[in-house]
Number of protein chains: 2
Amino acid sequence: MAECDVDLCEVREVHQEKVSEITAKMPEEDELYDLAELFKVFGDSTRMRILFALFEADICVCDLAQALGMTQSAVSHQLRILRQARLVSSRREGKQVIYFLTDEHVRTIIDKGREHIEED
Amino acid sequence: MAECDVDLCEVREVHQEKVSEITAKMPEEDELYDLAELFKVFGDSTRMRILFALFEADICVCDLAQALGMTQSAVSHQLRILRQARLVSSRREGKQVIYFLTDEHVRTIIDKGREHIEED
DNA sequence: CAAACATATGAGCATCTGTTCATATGTTTA
DNA sequence: TAAACATATGAACAGATGCTCATATGTTTG
């Protein structure tokens with residue numbers, strides 16, 4: 001680690017054009033953060049199960065809890081995260097709150113993930 | 001919370017068909033886990049930045065560290081995670097190890113994420 | 001309006017995750 | 001082969017995350 005000064009390659013000039021190009025084309029910090037936050041929401045098997053459930057039907061929190069064998073509280077906490085990411089929406093029907101997928105993005109993203117997993 | 005016995009809706013029968021259908025169509029635990037693990041890899045802005053860097057060029061660890069302003073160690077740890085998820089691959093060129101995107105899945109998945117973010 | 005029902009939420013706790021630091025492994029060069 | 005270079009990795013620590021428990025909020029019904 002000498003060319004790599006301070007463990008950060010500060011002295012290197014070898015591929016400076018590459019480094020510059022990468023820096024130039026890097027999206028804004030905001031977009032990177034938002035993207036990571038979005039995928040983070042998909043990165044939990046409980047939330048994944050909730051999303052698969054919503055593929056089948058619009059459903060209230062209580063049914064969802066029963067279908068997944070989880071407490072109402074745990075499901076509700078996860079639904080809040082999904083709602084904040086605008087992946088699911090809700091409507092009130094009497095005492096119940098019915099959750100549903102906001103749009104087809106969820107299905108598309110998960111399908112792409114499946115394609116990656118299922119190959120090889 | 002009475003119909004919802006033990007905080008789990010055990011007594012409810014109201015939407016039992018829905019619950020059954022959801023349970024029936026739920027993917028295997030393995031697939032849910034693998035999917036969540038895959039998206040978890042996308043769910044960190046450092047790894048997101050690494051992936052965007054690799055959109056531009058195949059690159060060695062040292063250049064990557066410089067481009068991102070991170071230590072070589074931190075980058076290397078993240079590259080291991082990306083490699084284990086088969087999102088990136090590597091080849092050795094002399095002293096250096098060059099990293100590159102395994103295939104187009106990464107780009108597709110990130111593009112779908114961007115579509116979701118950029119709407120509304 | 002009170003009681004029952006359905007959902008949401010804050011606090012606390014155990015676990016997971018990303019970074020740093022030190023060092024090991026692997027490759028080239030003098 | 002010794003020294004320099006490039007990358008990988010284990011341990012440790014701080015911050016994030018998901019669940020539980022208790023309780024608050026919101027809706028309907030008697």
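Computed from a predicted structure; not experimentally measured. Only heavy atoms go into these numbers, but all of them, side chains included; no hydrogens, no water, no symmetry mates. The chains referred to below are lettered A, B, ... by the order of the sequence lines, with proteins before strands, and numbering in each begins at 1.
- If you take CZ of R80(B) and P of dA24(C), they are 18 Å apart, rounded to a whole angstrom.
- Contacts classified as side chain to side chain donor-acceptor pair (under 3.5 Å) and involving residues 26-35 of chain B (residues at least two apart or in different chains) are given here: R114(A)-E31(B).
- The side chain to side chain donor-acceptor pair (under 3.5 Å) check on T102(B) picks up S89(B), with sequence neighbours excluded.
- Counting only residues at least two apart or on different chains, no ring-ring contact (aromatic ring centres under 6.0 Å, His included) pair has a member in residues 68-89 of chain B.
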- [ ] Can you run through DNA chain D from 5' to 3' and write each base as (, ), [, ], | or . depending on how it pairs? Watson-Crick or G-U wobble, both distances under 3.5 Å.
- [x] ||||||||||||||||||||||||||||||

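- In this structure, the CD atom of Q96(B) is 14 Å from the P atom of dT27(C), given to the nearest Å.
- The side chain to side chain donor-acceptor pair (under 3.5 Å) check on K18(A) picks up nothing, with sequence neighbours excluded.
- In the interface, the side chain of Q72(A) is paired with the base of dA8(C) through a donor and an acceptor atom under 3.5 Å apart.
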I'd like a list of close polar pairs between nucleotides 25-30 of chain D and the protein, N/O only, cut-off under 3.5 Å.
residue: dT27(D); atom: O3'; partner: G94(A); partner atom: O; Å: 3.4

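- A sub-4.0 Å separation between OP1 or OP2 of dT7(C) and a side-chain N or O of S76(A) is absent.
- Comparing atom distances between the S73(A) side chain and each of dT20(D), dA6(D), dC21(C) picks out dT20(D) as nearest.
- Residue H77(A) and nucleotide dT9(C) are classified as a stacked aromatic pair, their ring centres being separated by less than 5.5 Å at an interplanar angle below 30°.
- Evaluation of the side chain to side chain contact (heavy atoms under 4.5 Å, CB included) rule for R83(B) yields R80(B), V88(B), S90(B), Y99(B) as partners, not counting sequence neighbours.
- Residue pairs that meet the salt bridge (charged side-chain N to carboxylate O under 4.0 Å, His left out) test with at least one member in residues 52-61 of chain B, sequence neighbours left out, are K25(A)-E56(B), D58(B)-R91(B).
- D63(A) places its CG atom 14 Å from the C1' atom of dC5(C), with the value rounded to the nearest Å.
- In this structure, the side chain of H116(B) does not engage the main chain of L35(A) through any donor-acceptor pair within 3.5 Å.
- Each of dA8(C), dT9(D), dC19(D) was ranked by its minimum atom distance to the side chain of V61(A); first place goes to dA8(C).
- Counting to the nearest Å, the P atom of dT7(C) and the CD atom of Q66(A) are 12 Å from each other.
- Distances from the side chain of Y99(A) to the nucleotides dT7(D), dA8(C), dA6(C) place dA8(C) closest.
- With sequence neighbours excluded, the residues satisfying side chain to side chain contact (heavy atoms under 4.5 Å, CB included) with A36(A) are S45(B).
- Scanning both residues, M26(B) and A53(A), for their nearest heavy atoms gives CE-N, 4.0 Å.
- The stretch residues 29-50 of chain A touches DNA chain D through K40(A), D44(A), T46(A), R47(A), each having a heavy atom under 4.0 angstrom from the strand.
- Applying the salt bridge (charged side-chain N to carboxylate O under 4.0 Å, His left out) criterion to E104(A), with sequence neighbours excluded, gives R107(A).
- For F55(A), the ring-ring contact (aromatic ring centres under 6.0 Å, His included) partners at least two apart in sequence or on another chain are F52(A).
- Across the protein-nucleic acid pair, R91(B) atom CZ and dT27(C) atom P stand 16 Å apart, rounded to whole Å.
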